[in-house]
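Following: one structure in structure tokens, then a few remarks.
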Amino acid sequence: MTVTEKEASPATRRLTTSKAMVEGIAQEMERDPSVFVLGEDVGAYGGIFSSTTGLLERFGPSRVMDTPISETAFIGLATGAATEGMRPIVELMFVDFFGVAMDQIYNHMAKIHFESGGNVKVPVVLMTAVGGGYSDGAQHSQCLWGTFAHLPGMKVVVPSNPVDAKGLMIAAIRDDNPVVYMFHKGIMGLPWMAPNPRALAPVPEEAYEVPIGSAAVVRQGNDVTIATLSLSVHHSLDIAEELSAEGIECEVIDLRTLVPLDRATILSSVAKTGRLLVVDEDYQSFGLSGELAAIVAETDPRLLKVPFMRVAVPDVPIPYSRPLEYAVLPTKTRIAAAVRKLMG
Amino acid sequence: MTVTEKEASPATRRLTTSKAMVEGIAQEMERDPSVFVLGEDVGAYGGIFSSTTGLLERFGPSRVMDTPISETAFIGLATGAATEGMRPIVELMFVDFFGVAMDQIYNHMAKIHFESGGNVKVPVVLMTAVGGGYSDGAQHSQCLWGTFAHLPGMKVVVPSNPVDAKGLMIAAIRDDNPVVYMFHKGIMGLPWMAPNPRALAPVPEEAYEVPIGSAAVVRQGNDVTIATLSLSVHHSLDIAEELSAEGIECEVIDLRTLVPLDRATILSSVAKTGRLLVVDEDYQSFGLSGELAAIVAETDPRLLKVPFMRVAVPDVPIPYSRPLEYAVLPTKTRIAAAVRKLMG
Amino acid sequence: MDQKIKIELYRTMVLIRSFEEAILRDYHADKKPAWDIGAGLIPGEMHLSAGQEPVAAGICANLSPGDGITATHRPHHLAIAHGVSLKALAAEIFGRETGLGKGRGGHMHLFDPASHFSCSGIIAEGYPPALGQAFAFKWKKTPNVIVAVTGEGAANQGAFHESLNLAALWKLPVVFVVEDNDWAISVPRHASTAIASNAERAAAYGIPGERIEDNNVEAIWRSAKTAIDRARSGEGPSLLEIHTVRLWGHFEGDAQAYRDDLDAARAHDPLPAYEAQLISEGFLDSAQAEAIKEESAAEVEAALSFAKASPLPDAADALRYVFA
Amino acid sequence: MDQKIKIELYRTMVLIRSFEEAILRDYHADKKPAWDIGAGLIPGEMHLSAGQEPVAAGICANLSPGDGITATHRPHHLAIAHGVSLKALAAEIFGRETGLGKGRGGHMHLFDPASHFSCSGIIAEGYPPALGQAFAFKWKKTPNVIVAVTGEGAANQGAFHESLNLAALWKLPVVFVVEDNDWAISVPRHASTAIASNAERAAAYGIPGERIEDNNVEAIWRSAKTAIDRARSGEGPSLLEIHTVRLWGHFEGDAQAYRDDLDAARAHDPLPAYEAQLISEGFLDSAQAEAIKEESAAEVEAALSFAKASPLPDAADALRYVFA
Ligand SMILES: Cc1ncc(C[n+]2csc(CCOP(=O)(O)OP(=O)(O)O)c2C)c(N)n1
Ligand SMILES: Cc1ncc(C[n+]2csc(CCOP(=O)(O)OP(=O)(O)O)c2C)c(N)n1
Ligand SMILES: [Mg+2]
Ligand SMILES: [Mg+2]
């Protein structure tokens, strides 16, 4: 959307997540002429969720291309261009639309390197908007990172804030593998969505990478490990602060990358706290929350002093109507209740 | 394929899995004129994996329809026909091809009932072949049940033998919901694949249902719970017999249905054995094996006397070359090694 | 064309516009001062159809009971012209338990089994289920048809192609309609489609194809009649591309900075144009036009009042309707 | 057409047929008595291209170094005509570490970056990556082209449509080729495609379309030349549908009970036909033909021997090459 956005003040260099992402893309486009951007409404519009704002003006239509609504063709195009040495950044406007192009994604983009015995590289960044909370209904509100993480051959990164958004974008562009880059609409700092204070933050000017595969402990605590990602990091941090007043100290892990997954950070936190809550805006079953349980259970189930808990979307399509949607989203209320339950 | 198949002897009524499936379909087609079958090569060919053999001859081309290679169009057609009161059985030839039609599957077939507030029913059976082990490579050997089970709105059934194949097919056809019916090529009893002795078994003549949502304990044992499905049930049973000679008694659970999942059967077995091994021919991470770990961990991690284990495809595309493929499949060797390790 | 039909077309167009204007008003009413897409009585994306009324009116006037229609993310005009209950439609948009989908669906997911109306928010993916409805009609031997609608942007999606081929091959009673409003969000048609008229794509399936210019409701009515009659008589599908106009943003909140045709578009508002035509033809006078507008407005306000007075769904029911 | 080209076309066709016959032999050799698809030195599905040699020979004779080709699940003829190493191809089919994909890919997944050759086992889904290769050629300002091939069954898949539209829109240097061998496994073309010639579908994208009848390698060569020259000179894509013949089963093990045209198909074997033509035209005599066949057979046997003598991959390396 294009409801006017304020310019970031150069003095403080606080950027929204979307501007940080765009800055990362722009710096790589400056550095490497083989980087280009394509997708629906990435040109004049600047990306429906401002993931490409200003790039057309800066780099011109030969490097920033609006496409027809032909996800199979243009995502496949990105794959083919990557096999010939280019470094495309291709946007799938909403992750919910993956089904029209999934064959290109998981049977081609993700597998060609392997099938070629390592002879062909496929450095594509597939960036896509995820998440709900603004009543966009069952076909425009999903996270689906579990679906991508389950299928081999793609790295999957999910930033939660401006600094990681820029650093993971740069790391993704430089990576020689396909990287699925999933950004939550609610953390972009868009002026037309419910504001999130942490969606605006100081961001280094220079190009830098946030390493793919490393989680961040964004809050230390000895009582409960909350492993989470994306928008839910913020809800979890808010609840952690709130419960701190009650004497409950949560350790909050921002997973940042699902593939490869930073098992060590998760395990050492659980070893300390003995309590694990996964907060996940994706569907509950057969996904991220299960994988984290498995990691603990296959290391040592006795690490868990109390049963594992998860706050996720309870295997129901995302409802349109607000009371229903907020009943299935991983809200602060649900997170707080789960932490309290873990503490007995 | 059409390498000649032997006719089942009517005296003993032992049927292959494929013939049992077809018998279930035929009986429902007899009973209910709104049932019809469509897909690629389901007519004269009888289904690449013999899932529709003889149906064209018996019911004619108005009820058994070969389609163009247009999965989006014909799976969508099934959904639309179901919303108007028909009961289509639609075949996706290999589950590996889901990516060309996933939008119709998970954004439409699976969600219309919900989005309509329950006003529209979508009784489709989506049947599809899964599995590897015969060097069909990365695009024709996957199981992917974790992918389907993760997305709400579809039931997911995975028979492992002739009796369940028929009963789950009939239950799926009669169910008012979309049911994804996943049959492993290696259990169909095809004369042109490595034979599986349990792919031929006595099957009741009359129509019957195997209830969707109930697992079967196919072998009792006190030492290790092996939770598995599809072809891996047979490997697990073979290993269970073998290890019994060493005094290790495995309880083997054939999950049969992933959605809804029979949590009670899994939990009561683990409560008894204290050891859980998941054997899964799908990719390891973010899938079935994780979900089973979560079920135990969220009930009581102390049920596990030793760390949980899984034998699955280790997040690598299925390789073509036999030594590589068998290194990543959940082979008997890997299962036996895991059970021994669980027993310490 | 007789007067009755002309007035009916006009009335339908007015009703649609009244509805869209009322939704526009209520959608923005409580999102200020900090405009938040998720806030207010109507949250979420909102794709309104102002300018495209002639398509809906012209097509649906040719439909009979039992016929169906499949729309897109921009579905209101078609739902209204097809006779979907205004109250249930409005209630769904307001997310109420009395809505078409009991508030579960929202404005891109409207299902009215009684009138075989449906829609989908995924581009071109409404076509394939429409084939199945047509297939079921054929099987039931009812002489019904399905009209399947997408935008011109959708004509480049795989589902479009597969659906036309299968429908043509199986001679299904479907009429495919492409609403060409020149834009797919910010992408103009010439930047997305390799040819000037999608009607030419009909040849790729051996079916009749026609492009209707000028957003002319009577021309649309006539062409739709031919195509619908053809489908009804078992001769199979047709493809109609209708050049229409998107008067407002792609969705509400769209500042349309990319758009250079806004003045021209506004000058082509089909409503005053058709009103003027009917008046000049002597089929309508200003008083009658006023009366129709007032009736429509009243009907719309009644529907919105009903919606607003209806209960929101109970959060305790959030897990219902996943399975039947 | 000069003699050199004619002999070259013939030689390519012979080489392909020799290869496919040798693979056929080795594929079935060790699957007896109980034929098991997964057994033997060559396991898995095997889609051979006997009958379709003219397509590969006629097209690839027009390609220059740096040009690429994208094939399907039935890729050998195109790989061979394009000059992919016969040894590396054979080794991949035998699943060896010396294969094109070190045994990871198999016969449906052949990648030769040196010659820009690739293929895919998913119907029509080889087209989109080919667009990207063409895009990269354009960006690098090399005057190269990509030929993207599918079967006639694939022309009903969404990826076909999206790719043609995008390539036409962006004037990418691609030539789209449809190999019409009358069958998609057991489904005859008339039961899958609403029109008689996919060449007509070119009009849906505003690009040239041509159907080439009779599996005639010289006609194919000429039409391919026109289309490839056009793409190379920046004028954008073309669509060629080539009527060819599938002499054998869809895959090995296919009893083809559904097929009523087998005798007719065998009578249209393009190899003896072209040989007879060249002999009657005086460009070839039987002794030369024999010599070419013997050379081809020798080359093929050398490749197969290389493959069989090569090591299988080490199971310990099964997890390699997921990520670069
Ligand atoms: C498969 C898919 N891709 C992208 C979108 C996002 N999207 C929603 S509407 C739209 C533009 C549609 O243009 P058109 O078909 O012309 O319809 P219009 O909006 O003009 O009515 C896009 C790209 C989507 N909903 N589905
Ligand atoms: C998307 C997809 N659907 C189905 C298949 C299974 N399949 C493999 S080959 C084939 C027939 C292809 O026919 P055609 O395109 O004419 O090529 P041919 O085999 O005749 O060379 C089918 C249906 C597939 N590989 N991919
Ligand atoms: Mg449009
Ligand atoms: Mg064919």
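Residue numbering restarts at 1 for every chain, and letters A, B, ... go by the order of the sequence lines. If you're wondering where the values come from, they're calculated on a predicted model, not measured in any experiment.
Using a 4.5 Å cut-off between heavy atoms, B:F94 contacts chain D through its side chain alone, with no backbone atom that close. D:E97 does not touch chain B: none of its heavy atoms, backbone or side chain, sits under 4.5 Å away. Of the atoms belonging to B:T72, not a single heavy atom falls under 4.5 Å from chain D. For a residue to count as touching a neighbouring chain, one of its non-hydrogen atoms must lie under 4.5 Å from one of that chain's; by this rule D:S120 touches chain B with backbone and side chain alike. In this structure, the portions of D:A315 lying under 4.5 Å from any heavy atom of chain B include both its backbone and its side chain.
In B:K341, the NZ atom is not crowded: 12 or fewer heavy atoms of neighbouring residues, nucleotides or ligands sit closer than 6.0 Å. For D:K31, the NZ atom sits in a packed shell: over 12 heavy atoms of surrounding residues, nucleotides or ligands are nearer than 6.0 Å.
Residues in residues 58-67 of chain B take part in these side-chain hydrogen bond (donor to acceptor under 3.5 Å, both in side chains) pairs, two or more places apart or across chains: B:E30-B:R58.
Here the side chains of D:P43 and B:Y320 are in contact, with some heavy-atom distance below 4.5 Å. Two residues are said to be in side-chain contact when any heavy atoms from C-beta on lie closer than 4.5 Å; D:D314 and B:P323 fail this criterion.
Relative ring orientation between B:Y45 and D:F251 is described as perpendicular, the plane-to-plane angle rising above 60° on a 0-90° scale split at 30° and 60°.
Residue D:K102 holds its NZ atom at 11.5 Å from CG of B:L324, rounded to the nearest 0.5 Å. For the atom pair CD (B:E40) and CD1 (D:I123), the distance works out to 8.0 Å, reported to the nearest 0.5 Å. One finds the CG atom of D:N156 at 10.5 Å from the CD atom of B:E71 (value rounded to the nearest 0.5 Å). Here the OG-CD1 distance, from B:S135 to D:I93, works out to 13.0 Å after rounding to the nearest 0.5 Å. Taking CD1 of B:I48 as the reference point, atom NE2 of D:H250 lies at 6.5 Å (rounded to 0.5 Å).
Looking at every heavy atom in both residues, B:D136 comes nearest to D:M108 through OD1-CE, 3.5 Å. What you find for D:G38 and B:Y134 is that their closest heavy atoms are CA-CB, 3.7 Å. Between D:D36 and B:A194 the shortest heavy-atom distance is OD1-N, 3.4 Å. Closest of all the heavy-atom pairs between B:V100 and D:I122 is CG1-CG2, 4.1 Å. For D:P313 against B:S321, the heavy-atom pair with the smallest separation is CD-OG, 3.2 Å. Between D:A184 and B:D41, the shortest heavy-atom contact is O-OD1, 3.6 Å.
Judged purely by atom type and a 3.5 angstrom limit, D:Q157 uses its side chain to pair as donor or acceptor with the backbone of B:I69. For the pair D:R104 (side chain) and B:A138 (backbone), a donor-acceptor distance under 3.5 Å is absent.
In terms of heavy-atom pairs under 4.5 Å with chain D, the best-connected choice from B:H140, B:M193, B:M65 is B:H140. Taking D:S186, D:G158, D:A155 one by one and counting their heavy-atom pairs under 4.5 Å with chain B, the maximum is reached by D:S186.
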